[in-house]
Number of protein chains: 2
Amino acid sequence: MVTMRDVAERANVSIATVSFVINGTKRVAPETRTRIEAAIRELGYRRNVVARALASSRTRILALLHPYLEARPIATANQFLMSAAHGARERGYDLVLWPVNDDEQMSHLLAGGLVDGALLMEVQLRDPRVDRLIASGLPFALIGRTEDEDLPFVDMDFTTTIEQAVGHLRSFGHRRIALVTLRMRASTGNEPGWIMRVKSAYRGAMAAAGEPPTVIAVEGTSAGGRKAARRLSEDFPEVTGVVVVNEGASAGLVKESRALGRSVPDDLSIISAATTAELGEMIEPSLTVMTAPATELGRLGVNALIDQLEGVPDAPPNILIPCTLVPGQSVGPAPA
Amino acid sequence: MVTMRDVAERANVSIATVSFVINGTKRVAPETRTRIEAAIRELGYRRNVVARALASSRTRILALLHPYLEARPIATANQFLMSAAHGARERGYDLVLWPVNDDEQMSHLLAGGLVDGALLMEVQLRDPRVDRLIASGLPFALIGRTEDEDLPFVDMDFTTTIEQAVGHLRSFGHRRIALVTLRMRASTGNEPGWIMRVKSAYRGAMAAAGEPPTVIAVEGTSAGGRKAARRLSEDFPEVTGVVVVNEGASAGLVKESRALGRSVPDDLSIISAATTAELGEMIEPSLTVMTAPATELGRLGVNALIDQLEGVPDAPPNILIPCTLVPGQSVGPAPA
DNA sequence: CTGAAAGCGCTTACAG
DNA sequence: CTGAAAGCGCTTACAG
């Protein structure tokens, strides 16, 4: 292994000067710099990141904390992950995956000194992990929000998204519009914050329209979607438009509605928000979707955290991004 | 921050002895050990992983190398990732995500000394990244195989999977059975090794059955699947059974086949291999699938790498796992 | 503009 | 069974 000492010897300088050149931390005479750069090139020197981390007490490693789920097929989570990792690398950081479910494991990890900061996914309204994070003093950014919106976060703009979804259906003449959202398994306890925000945005939009709300919460699976279809059909036959914010359930909802003899979109118009266009296309008929800004949020979350770590002066404040409407074939005029 | 020195002082021992207790690297008198453990507990001491890494020249960090794709909705990739990260943590390692596309970035990362080993996804038959890895001297394990099967890998057992898929269709009386697989964009160059292996397993199975093979390669999207459906219908109307090994295309294939007036499974039976049951359920009719052993492979890949790093004596050899058949509604008797 | 030196917090021969 | 000490490869005041 070639070290800084080797470079220093070959360039006839001290290792301090080599360090200054590599990090650009101090002015170095152009001629000296050239000599050092040549030595680096000739020796193929690469700075050892572990030694650097120990000396500077900055590891340039970020943790992505998320519950370890027996991976549901959530296309958006994957997008998020990839873009966060990519965004981190672009700024010279590495991203480690920490699939932790209980906060005991978590504080163990936090205390190890491996990471400079943490990104937290699947944030709940009252999230014990956030309390841990605060207590640990480790910088962090949230993907999603707790009740307390003063913490650093990036999130979807549910209000705008839901307003647009409801507005889209209303522009087709729908009046009775239901929301199908996610129900967490009882054992999970606290809910992700977005579920509450989606519900309240939906209630707000319906109130503004002067229509009664209908909220159905089911598991994020095809089975959950089928259940929602049956409830709609049996208990709320007057509903003609549905906003789904439950990626895993959207397919089951459409399938079962059709199996119950309800045509999509002739009898029932469906718009699925916070998902991907590819997923919408897999379904028959191709769903009108609102695509989640997962790629943007991954990058923004990582940047927010790094800005914080590096004390960037004009770091952007908390950011909300709405989903983007991609029309498909699942929304049509309300039946007469 | 509380250090080993603090613990040593409180317990009236040297830091070496503290280290021996923490790592279990040397016998320590029970009484001394008790004192040290008490001091650790009382001070809430946690070993600094960076210092440990520098001193021991082992970081206990593993890299997961994968191309940075604008995340296709690949459910199996997500499963793989999660179980690899989880498996690593269970053995005291961390997993960093390295979304690298060119091997120049890659050798940069490898030379930094951050990781003890690498896991490589999306392995191609001739993979320049593998050459880099070998040249760098860094231990690694492959998820998938190159041409050279002497390198450490874990992979799906395509031969068994395809034989079972073909056998399943044949047990329903199908004789003309096509394969729909993945076509890489031209620009990508080399193909993942599994594409070739799937094709040759399929050809072998058809030869054994005394039937002619029909191979259709399309992009891994709904659009690709629709294209495959049109080709089947126009160019190979005699085909009544299809084995799909193209997760992203399966939905489009079914949708377009039905749009062309072909009933699934009455006119066309379809079995989708190397995917998830959830994805199969999203489609109408629910697909008969063979689920990918992604969770197992993630864990096994990580274990293979760690066994190698730790010199585990009886480390299992390269492992192949077939997919598991999960019957749905997309396979039926061959039309008369 | 450059260097000598201390120090980051551990591990690990080596000695006793 | 335990300790003193060197060393991992850097960064960073401090001095000149």
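Sequence lines set the chain letters: A, B, ... in the order given, protein chains first and strands last, and positions in each chain run from 1.
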Rounded to the Å, how far apart are [X] [atom1] and [N] [atom2]?
{"X": "B:Phe20", "N": "D:dT2", "atom1": "CZ", "atom2": "C1'", "answer": "8 Å"}
{"X": "B:Arg52", "N": "C:dC8", "atom1": "CZ", "atom2": "C1'", "answer": "17 Å"}
{"X": "B:Lys26", "N": "C:dT12", "atom1": "NZ", "atom2": "C1'", "answer": "8 Å"}

Taking only N and O in the side chain of [X], is any of them less than 4.0 Å away from OP1 or OP2 of [N]?
{"X": "B:Asn23", "N": "C:dT11", "value": "yes"}
{"X": "A:Ser56", "N": "D:dT11", "value": "no"}
{"X": "B:Ser14", "N": "D:dA4", "value": "no"}
{"X": "A:Thr17", "N": "C:dG3", "value": "yes"}

**Asked** Can you tell me how far OG of A:Ser19 sits from NZ of A:Lys26, rounded to the nearest 0.5 angstrom?
**Response**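 A:Lys26 atom NZ to A:Ser19 atom OG measures 10.0 Å (nearest 0.5 Å).
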**Message:** Within a 6.0 Å radius of atom CZ on A:Arg5, are there more than 12 heavy atoms belonging to other residues, nucleotides or ligands?
**Reply:**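 No, the 6.0 Å shell around CZ holds no more than 12 heavy atoms from other groups.
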**Item:** Any-strand Watson-Crick or G-U partner of C:dA13, both distances under 3.5 Å
**Value:**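 Its partner is none (no Watson-Crick or G-U wobble pair with both distances under 3.5 Å).
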**Asked** Where each residue is assigned the nucleotide of DNA chain D containing its nearest heavy atom, which of B:Ala16 and A:Met4 is assigned the position nearer the 5′ end?
**Response**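 Taking each residue's closest nucleotide, the earlier one in sequence belongs to B:Ala16.
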**Asked** Among the nucleotides C:dG9, C:dT2, C:dC8, which one has an atom lying closest to any side-chain atom of A:Ala55?
**Response**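 For the A:Ala55 side chain, the nearest candidate turns out to be C:dC8.
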**Request:** Can you figure out which of D:dC10, C:dT11, D:dC1 approaches the side chain of B:Arg47 most closely?
**Result:**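 Looking only at heavy atoms from C-beta outward on B:Arg47, the closest nucleotide is C:dT11.
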